[in-house]
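Bear in mind that the values here come from a model prediction, so they are computed numbers and not experimental data. Letters A, B, ... are given to chains in the order of the sequence lines, protein chains preceding strands, and every chain is numbered from 1.
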2 protein chains.
Amino acid sequence: MAQAIPFRQAFPLKASCHQCSLSNLCLPLAIAENDLDRLEDIVQQGRIFSRGEHIFDQSAPFRSCFAVKSGSIKTSIITEGGEEQVTGFFMPGELVGLDSMSSENYACTAKALERTSVCEFPVDKLEELTGKLPDLQHHMFHLMSQEIQNSHQLAMLLSKNTAEERIAALLLSLSSRFQRRRMSPTNFSLPMARNDIANFLGLAVETVSRVFTRFQNQGIIKARGREVELLDVEALQLVTREFSRQSNP
Amino acid sequence: MAQAIPFRQAFPLKASCHQCSLSNLCLPLAIAENDLDRLEDIVQQGRIFSRGEHIFDQSAPFRSCFAVKSGSIKTSIITEGGEEQVTGFFMPGELVGLDSMSSENYACTAKALERTSVCEFPVDKLEELTGKLPDLQHHMFHLMSQEIQNSHQLAMLLSKNTAEERIAALLLSLSSRFQRRRMSPTNFSLPMARNDIANFLGLAVETVSRVFTRFQNQGIIKARGREVELLDVEALQLVTREFSRQSNP
DNA sequence: CGAGGGGTTGAGACTCGTCAAGTGACGTGG
DNA sequence: CCACGTCACTTGACGAGTCTCAACCCCTCG
């Protein structure tokens, strides 16, 4: 990983949405080939953050959205009481900061979970561009409403489901997101700590730990630290009740 | 109320965002006076739904967003297992359907909680218009990101807070939304049933009921059925931990 | 080598869901 | 007019799931 950085920087920073392997997940998805240059004009590519660094901070003036290029990011809200609430994990190809587009300031803090590179989209320029490119505007609406739906799904998970169901759902979500990037959907390493998982899912760390070992004893997964292998995906899906409609009546 | 309907319908349906008392909460907010006509061109105003009627249904083709003019709406998702999850309550001046802008179909079902009138914004025309009016586009981004934030707040409430805290938060949210409309913030009638509250907050109906009576015994609220009076707003805020930062250190 | 963080495991306490019964308001039909 | 069913809501008793507290292990890093 490390040796790639000077290499990338040796190239001109622009003109590389074209070659980016994530362009089918990211903003360029929506854009005709000949408009891609206009998007590239406004993007600042290839900024690198090391593990634990903040991409942006809650209440700082809102300037940009960020697309994850490699690595991963967690976003969280700090409440008035000082508690942290993790609101999401972002993997390569996903866009961070959409929840802040309403306000002058960032609505949450974004932190790199590992060495992470991002592309930066300054909002003023982005909004200007979306006004000119209807497809891009449509795509932005699409992404934002997707974010709302995700959050609703999360709320549902938190309000109705047991610890096992929540964790199964998270594992499956991660699995499908790895798959989108053509990586193994059954064999991956969690970018986040147990603590973050617990916080995100509204559980205690101990509960997360217990469920992991329970799944392991049942032969559904294999887990050593952050290395996870999904042994029985269907069993996981059963746990999330995805299939319960068929056995209900 | 009832006699207003034929009266309104006697007028031409257009040209009334100008007079609408909610225009400072709704989409017109963002728009210069002389552009308002263009918004009005695409709006279908004054559709009425009676209690229990569906404004739109999950999985039906997505056509329009709706602004609540009077009355109130609840949105909910039906899971594969057939359970309902209430995702939001919408009061006059608020926009319903933003979570569906990603897909071909509505992401949830919207149901009138009482006799409710709405204005309809067909999305194709709306998107076309936002492409031409940067302020309107900005406002749409604003509303959508607000919706994301709301949903994150909800997720936080569901994952970290007790039954009392959730209900206090809901009461305060409703209170401030009544106040926005220049109605009493301490004396209002809940548009939704206990059942909906419970579902929305991830609780059992019985728990909601118990908390209501507990608050009543503590002299914080007075509640008879859906009629609610907030007797001690500060106590409610204390319950939600909004102020706990000051007493923490 | 010790310190410290992340993760696991166990025991007890507590919140909340479930089950069950009961109340009051409302509308229907005899 | 009253009996009745229905529906929304309330109240109580009990039990399950999860949190808290505490100890412990393992690994990394200084």
Exam field: side chain A:Ser117 to backbone A:Gly46, donor-acceptor pair closer than 3.5 Å:
no

Expressed as a whole number of angstroms, how long is the span from A:Arg51:CZ to D:dT28:P?
13 Å

Categorize A:Arg226 for me: base, sugar-phosphate, or nothing, with a 4.0 angstrom heavy-atom threshold over every strand shown.
sugar-phosphate

Residues in residues 203-211 of chain A with a heavy atom under 4.0 Å of DNA chain D, by number, are A:Leu203, A:Ala204, A:Glu206, A:Thr207, A:Arg210

Determine whether a donor-acceptor pair (N or O, by modelled atom type, separation under 3.5 Å) exists between the side chain of B:Glu120 and the backbone of B:Gln44.
no

For chain A, the stretch of DNA chain C it reaches, first to last nucleotide, under 4.0 Å of its heavy atoms:
C:dG7 to C:dA11

Check this for me: does any side-chain nitrogen of one of B:Lys111 and B:Glu53 sit under 4.0 Å from a carboxylate oxygen of the other?
no

Nearest-angstrom distance from the residue atom CD of B:Glu227 to P of D:dT10
13 Å

How long is the line joining CZ of A:Phe212 and P of D:dT18, in whole Å?
15 Å

Residue mapping more 5' on DNA chain C - nearest nucleotide basis, A:Arg194 or A:Ser159:
A:Arg194

salt_bridge(A:Lys74, A:Glu84) N-O dist < 4.0 Å
yes

B:Ile167 CD1 - D:dC9 P separation (whole Å)
13 Å

Smallest heavy-atom separation, B:Phe212 atom then B:Leu171 atom, equals CZ-CD2, 4.5 Å

A:Arg214 CZ to D:dT18 P: how many Å, rounded?
7 Å

Can you check whether A:Gln58's main-chain N or O pairs, donor with acceptor, with A:Thr109's side chain at less than 3.5 Å?
yes

D:dT10 P sits how many Å from B:Gln216 CD, rounded?
9 Å

Do side-chain atoms of A:Thr240 reach the backbone of A:Glu165 as a donor and acceptor pair under 3.5 angstrom?
no

Residue that, paired with B:Glu114, satisfies side-chain contact (heavy atoms from CB on, under 4.5 Å) out of B:Ser50, B:Ser72, B:Ser189:
B:Ser72

May I ask you to decide whether B:Arg177 forms a salt bridge with B:Glu94, counting only side-chain N to carboxylate O separations under 4.0 Å?
yes

Send over the distance from A:Asn199 CG to D:dC19 P, rounded to a whole Å.
12 Å

